[in-house]
Amino acid sequence: MGEAVVLAVNGERYEAVGVDPSMTLLEFLRTRTPVRGPKLGCGEGGCGACVVVVSKYDAAADEVTEFAASSCLTLLGSLHHCAVTTSEGVGNSRDGFHPVQRRLSGFHALQCGFCTPGMCVSIFSALAKADRASSSPRALLAPPPGFSRLTAAEAERAVSGNLCRCTGYRPIVDACKSFAADVDLEDLGLNSFWSKGAADVSKLPAYSSSGGAVATFPEFLKSEIRSSMDQANGGAPAVAVTGDGWFHPKSIEEFHRLFDSNLFDERSLKIVASNTGSGVYKDQDLHDKYINISQITELSAINRSSKGIEIGAVVSISKAIEILLDGDAVFRKIADHLSKVASPFVRNTATLGGNIIMAQRLSFPSDIATVLLAAGSTVTIQQVASKRVCLTLEKFLTQPPCDSRTLLISISIPDWGSDDGITFETFRAAPRPFGNAVSYCNSAFLARSSVDATSGSHLIEDVCLAFGAFGSEHAIRARKVEEFLKGKLVSAPVILEAVRLLKGVVSPAEGTTHPEYRVSLAVSYLFRFLSSLANGLDEPENANNVPNGSCNTNGTTNCSAEFRVDSSDLPIKSRQEMIFSDENKPVGKPIEKAGALLQASGEAVYVDDIPAPKDCLYGAFVYSTHPYAHIKGVNFRSSLASEKVITVITAKDIPTGGENVGSCFPMLGDEALFTDPVAEFAGQNIGVVIAETQKYAYMAAKQAVIEYSTENLQPPILTVEDAVQHNSYFQVPPFLAPTPIGDFNQAMSEADHKIIDGKVKLGSQYYFYMETQTALAIPDEDNCITVYCSAQMPEVTQDIVARCLGIPFHNVRIITRRVGGGFGGKAMKATHVATACAVAAFKLRRPVRMYLDRKTDMIMAGGRHPMKVKYSVGFKSDGKITALHLDLKINAGISTEISPAMPSAIVGALKKYNWGALAFDIKVCKTNVSSKSAMRAPGDAQGSFIAEAIVEHIASALSVDTNAIRRKNLHDFESLKVFFGDSAGEASTYSLVTIFDKLASSPEYQRRTAMVEHFNGSNRWKKRGISCVPITYLVTLRPTPGKVSILNDGSIAVEVGGVEIGQGLWTKVRQMTAFALGQLCDNGGEGLLDKVRIIQADTLSMIQGGWTAGSTTSEASCEAVRKSCAALVERLKPIKEKAGTVPWKSLIAQASMASVKLTEHAYWTPDPTFTSYLNYGAAISEVEVDVLTGATTILRSDLVYDCGQSLNPAVDLGQVEGAFMQGVGFFTNEEYATNSDGLVIHDGTWTYKIPTVDTIPKQLNVELINGARGHKRVLSSKASGEPPLLLASSVHCAMREAIRAARKEFAAATGTGPAGGSELASFQMDVPATMPAVKELCGLDVVERYLESFSATTVPNTGKA
């Protein structure tokens, strides 16, 4: 056994004794140190929740290097003598918070807070990197006081790899940009440092770019390193060994000797440099031996010469970028492309060689391999007991997959700088512009050419065309196309022939997703490249690339090549408008979120942060991969991980008298916890594997081999069509069923025009809360159990656990402090995990903890309801709609869950327009897939979109502006009452028409519409669209408890039924408590804010807690607390009147002496005449679609939302922006894919893409309007959590307008259309509108059609047709 790994964590020394060789840094930090800031979000390096700063010390040079890294991928064994800094080390409550943490809090840049420690470290690392860049030109200029050397553009990219599901990113970007010296502080959004128009850096938490930095590498570790070097010089062992099973060869010879030593079973050996590859290709078993090649000196070497640059295989991608940026144009272009690979904290550790080896051995769709292939790179490899070989990269990639004995030593990139006439371009199309997403297809082209004097076009002398990631085993060169192009003068006919040849070369393998799209991308790239070498083809010369609306200062109006203006590079801007009220202060003030600083430092405790109790065991689900089958047995394959299995908990372990129930929505039905004995959907829990650690449990679950039998079973029902065929439906109870309006047949007969068979389809959406499902169950005396869980419905969870265990409800205590993101996914789905933990703990009489890995969570979570819609609509010639009939089929999955409530929600949101008569046939289909559940704005998101799809279809049929149809069919108050009944409220509160007119009828909107038309008239390959969408959203008020207790020192403890899930519940309740008790204070309640603490939800302390859902929990909890406070005020008033002006603390002391009861529990129930109300808003979105790739950039979104008299405008603003971006994900990018058995296959950050900082609108303007007062609402406030999500359909509608412009353009230019003339304006555009879908609607063959029409004209085009 070698010496133990020694490392420093936040300045403290740790010796990793007795740890598993496969332990990650994250696991070590979370189980062996007090650190809790880094979180497990994905285990793939794809979310940034686990980011830490790793520092290394070079004793010879006396230099410390530091970089951000994913601790979930970094192996502990590779960190001997390293220092690690987590968010707690950056700043904390004891030693003081760092300016990054204070600014994140002050800019209201966190909600659930689970991602915030990672965000904090990413920003901290970016600042440190910018400020220590002593060799760069910027180092010569000291930034102004309070600022960093970071630029605003770098600030936007600082968190490009970090995911956040709550905020919509805008405030995070603002917090980050507040450090940039080139930012205009007035451009930054709402914050707690200054009011509008009074921006001043001196008001920000002070930051110094030179001093006061966090010491990331402690002196004691430097001393240890120096002394170990001295010992090494006195004669060290042949190979350094750390821990139990880690080997660190220092030379290639040592590496080879290790292999010859027969120390290893190669099946359980892993060779690693940085281990980031395990984020893509997950370990399927534990390893007990590791060879760390990162310390082999030769593999880190960098050699420059006149021939080019040779880069060692273990040089990080970030370091390679740094080296290449210092070179000629080709090197810089490669560096630019590499900076879009992965994310900053992965590039910092991932090696260049590792990427190439994955491409060669495992068919990884590498961008790096493609780009280096085109640049003519070579590789040097060496096998054990063989000579070194230098191969072209092309030859290396085509060889059989190399084995673990083959060492890639270096990659050499030739220097093309001295070569005249070289053109080098690279292309990639991925769901995210800044990276952190694999390409659908990538390419790189290098050509040597000369300009032909007569035509002005280029004559190609030599060319290399590389393509990758399109569904081939590896990157390839298009040799046939290269041969054809050599010696040719570039022209339209030549490009057309090259494109035709290319389509025979780029051939995606069977099973590749979107194959036609990937081929069309390859064609688009080649066209883009070659048209830049042809005179008159780089259309159009007069490109008018003025960016969105008021951002036109960034326009590049004199750019001759349209392709080179990239709207995704525009800076992010924003504007927020709202009115603050002092009437009920501190209610109505935009105060910072309660606990924000603790969340930023990582000190806030989530369920998985609770220290593990003594003898704690860990569980992981084993689930069915078959949709409908008998489970005949569960066995485990022979492996290291299987040895870690302690037991497997299944349905047979449910106690006698208990029920096999995992979830139950009140009054709607149960769902089983475990299969017994038939699995009814792919992803259903079969059992829980129990092991000593969470990692062992994950790994052991992977070893399960399940025996299935389908004997005597019918085929599974997987689609809504199957369900209809088999009459497989859930009944909708009468009290949940929506009511038709008017006489459909009569109204249809009055129509001038009819659309009989309109269709639209909506997919599902996964929650992607940053904290996966988690619970900790601790058995107690007398058949009692306490479960800590991340749940939106603690009370329901208590009921389910008790029923499953067969014990009284009072024997079960559910505690939930805070939830790391919910969105509905921590409602019914959380009960399964809590109950499974409880069954295991009850059976084993030991604490049991589960924290689902992301893949399992995604497979089981269910998500939003997918549906298929058919509609028939009648309308007058002036656009007035007379009748609508909807035929709706909802895929509900295996159990009822909340599905019976979906029809009324869908119809409710659809009713924002006056349809005249409204009829529907809605089928809630029971299928053999995971049960779908409530997801933020369930049903309403789909219903509101369906309404827009119908209205757009009508506008196309009449050839009129869609807004004219929208406006004509908005309700007046009389029709609103017909459609919504009592929920319509008073006429004064109906603000939708005013909001819509404010946006759609404004002169600015007319100007922007004209600008969009002008842009589309001057640009062939990029099209813009603009759309304005209104929304109506019905929310329901529910009874809610609240309890306020004043302690003897005057501090105040508050309990509410709701759970803090990031929506600002605690913040609003604190404000309400201070306001309500403030009547007893001479200077109002603001002084009481700091005395209020909200207590975690506890089902034995707060009975009838209800659930946190439906957007009204905050206001209802506030009202319950206000009711409690009112009773306390009544009791304390006599004391106050007697005492006169006394401090709060003295008042309470006197009350306590007088034996006044200082606690009050209230249960608020809504007024029976006012149990629901309507919310209104509207949004304009403007987008730009790249016709060649299908990529969409949201140029600008303007949101106007009526939130009544806001209880906290900062919280409500965050809810509006966050909901909007979650909606953008649903409508545009989040592709929820399953296999033919209904098993989710988009099951991680590699395949499922939620919005990131680079996909938010380039300009996001939000206005919160204070609508008319409603005396029955809580201080006239309104809900803000879910309704704004519906505004995101404006992006989808704007995309449709841009696509329509493209279809018309190419139909006019070529005399054809993608689907014939009549289908040009009207076409089915489903949800989500992903890049492949957009490109397909624009036309997969537009390049060929354009070139054919261009070639057909005798006179070359010089402008637009």
Side-chain angles (χ1 to χ4, degrees), residues 20-24 27 43-44 75 244-245 263-272 275 277-290 361-363 401 403-404 617-653 674-679 681-711 836 840 843-844 848 850-860 1235-1237 1239-1241 1243-1244:
D20 190 282
S22 60
M23 183 177 272
T24 62
E27 188 185 356
E44 300 178 319
L75 291 167
D244 198 1
L263 280 169
F264 312 107
D265 173 353
E266 283 193 39
R267 285 170 305 176
S268 60
L269 166 71
K270 190 169 187 185
I271 297 166
V272 293
N275 198 48
S278 67
V280 200
Y281 302 105
K282 314 291 189 299
D283 290 340
Q284 295 305 309
D285 192 8
L286 297 168
H287 299 279
D288 59 2
K289 295 283 188 290
Y290 287 82
R361 188 188 292 165
L362 302 164
S363 300
D403 62 18
S404 57
L617 295 172
Y618 296 79
F621 282 125
V622 173
Y623 51 82
S624 169
T625 54
H626 200 290
Y628 194 41
H630 292 282
I631 304 298
K632 306 300 272 185
V634 178
N635 297 299
F636 291 86
R637 64 177 70 88
S638 175
S639 64
L640 286 175
S642 294
E643 295 166 17
K644 305 297 183 185
V645 177
I646 291 173
T647 187
V648 180
I649 301 292
T650 62
K652 66 179 172 42
D653 296 301
F674 296 121
T675 58
D676 185 28
V678 175
F681 63 93
Q684 186 172 11
N685 307 331
I686 293 170
V688 180
V689 174
I690 301 293
E692 289 283 355
T693 72
Q694 191 65 70
K695 167 91 168 271
Y696 288 166
Y698 290 155
M699 279 299 181
K702 288 184 181 184
Q703 313 310 311
V705 179
I706 300 152
E707 192 185 335
Y708 299 102
S709 164
T710 54
E711 201 177 333
K843 157 98 179 190
L844 301 170
V848 174
M850 287 179 76
Y851 185 83
L852 264 54
D853 63 280
R854 182 61 68 178
K855 176 176 180 170
T856 305
D857 195 286
M858 294 189 77
I859 284 170
M860 294 182 174
N1235 67 11
S1236 58
D1237 287 326
L1239 183 73
V1240 173
I1241 49 173
D1243 55 12

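Atom set for the values below is all heavy atoms of this structure, side chains included, hydrogens, waters and symmetry mates excluded.
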message: Working note: Leu286 + Lys644, criterion side chain to side chain contact (heavy atoms under 4.5 Å, CB included); need CA distance, chi angles, decisive distance, verdict.
response: CA-CA 10 Å; Leu286 297 168; Lys644 305 297 183 185; 3.9 Å; yes
Atom pair CD/NE2 of Glu707 and His630 - distance to nearest 0.5 Å: 12.5 Å
field: Atom of Ala691, atom of Ala697 and distance for their closest heavy-atom approach
entry: CB-N, 3.6 Å
- prompt: Quick one: CD1 on Ile686 to OG1 on Thr625, what's the gap to the nearest 0.5 Å?
  reply: 7.5 Å
- prompt: Looking only at heavy atoms, which two atoms of Val689 and Val622 are closest? And how far apart?
  reply: CG2-CG2, 3.3 Å
- request: Would you give the length of the straight line joining atom CZ of Phe674 to atom CG of Asp653, rounded to the nearest 0.5 angstrom?
  value: 7.5 Å
field: Check: Asp1237 side chain, Leu1239 main-chain N or O, donor-acceptor pair, under 3.5 Å
entry: no
- prompt: Nearest heavy-atom pair of Thr650 and Gly687: which atoms, and what distance?
  reply: CG2-CA, 4.2 Å
Distance-only polar pair, side chains of Asp288 and Ser268, donor-acceptor under 3.5 Å: yes
message: Nearest 0.5 angstrom please: Asp285 CG to Arg637 CZ, how far?
response: 9.0 Å
- prompt: How about Tyr290 and Asn275: does a side-chain donor come under 3.5 Å of a side-chain acceptor?
  reply: no
- prompt: Is the backbone of Leu362 close enough, under 3.5 Å, to the side chain of Tyr281 for a donor and an acceptor to pair up by distance?
  reply: yes
- line: Of all heavy-atom pairs linking Ile649 and Ala840, the shortest is CG1-CB, 3.8 Å
task: Decide yes or no on side chain to side chain contact (heavy atoms under 4.5 Å, CB included) for Lys270 and Ser278, but give the supporting numbers first.
output: CA-CA 11 Å; Lys270 190 169 187 185; Ser278 67; 3.7 Å; yes
message: Checking the side chain of Gln703 only, and the main-chain atoms of Gln284 only, is there a donor and an acceptor separated by less than 3.5 Å?
response: yes
message: Please report the interatomic distance NE2(His287) to CZ(Phe264), rounded to the nearest 0.5 Å.
response: 13.5 Å
field: Tyr698 versus Thr856, side-chain donor and acceptor atoms under 3.5 Å
entry: no
- request: With side chain to side chain contact (heavy atoms under 4.5 Å, CB included) as the test, would you mind laying out the steps for Lys702 and Lys282 before giving the verdict?
  value: CA-CA 11 Å; Lys702 288 184 181 184; Lys282 314 291 189 299; 3.6 Å; yes
Thr693 OG1 to Asp20 CG distance, which is reported to the nearest 0.5 Å: 7.5 Å
query: When you look at Arg267 and Asp265, which way does the salt bridge (Lys or Arg N to Asp or Glu O under 4.0 Å) test go after all the steps?
result: CA-CA 5 Å; Arg267 285 170 305 176; Asp265 173 353; 3.0 Å; yes
- prompt: Hey, does Thr710 have a side-chain heavy atom less than 4.5 Å from the side chain of His626?
  reply: yes
- prompt: What heavy-atom pair brings Phe636 and Ser642 nearest, and what distance separates the two atoms?
  reply: CB-OG, 3.7 Å
statement: Correct closest heavy-atom pair for Tyr708 and Lys632 would be C-CG, 4.2 Å
task: Kindly indicate whether the side chain of Ile646, heavy atoms from C-beta on, has any atom under 4.5 Å from the side chain of Glu692.
output: yes
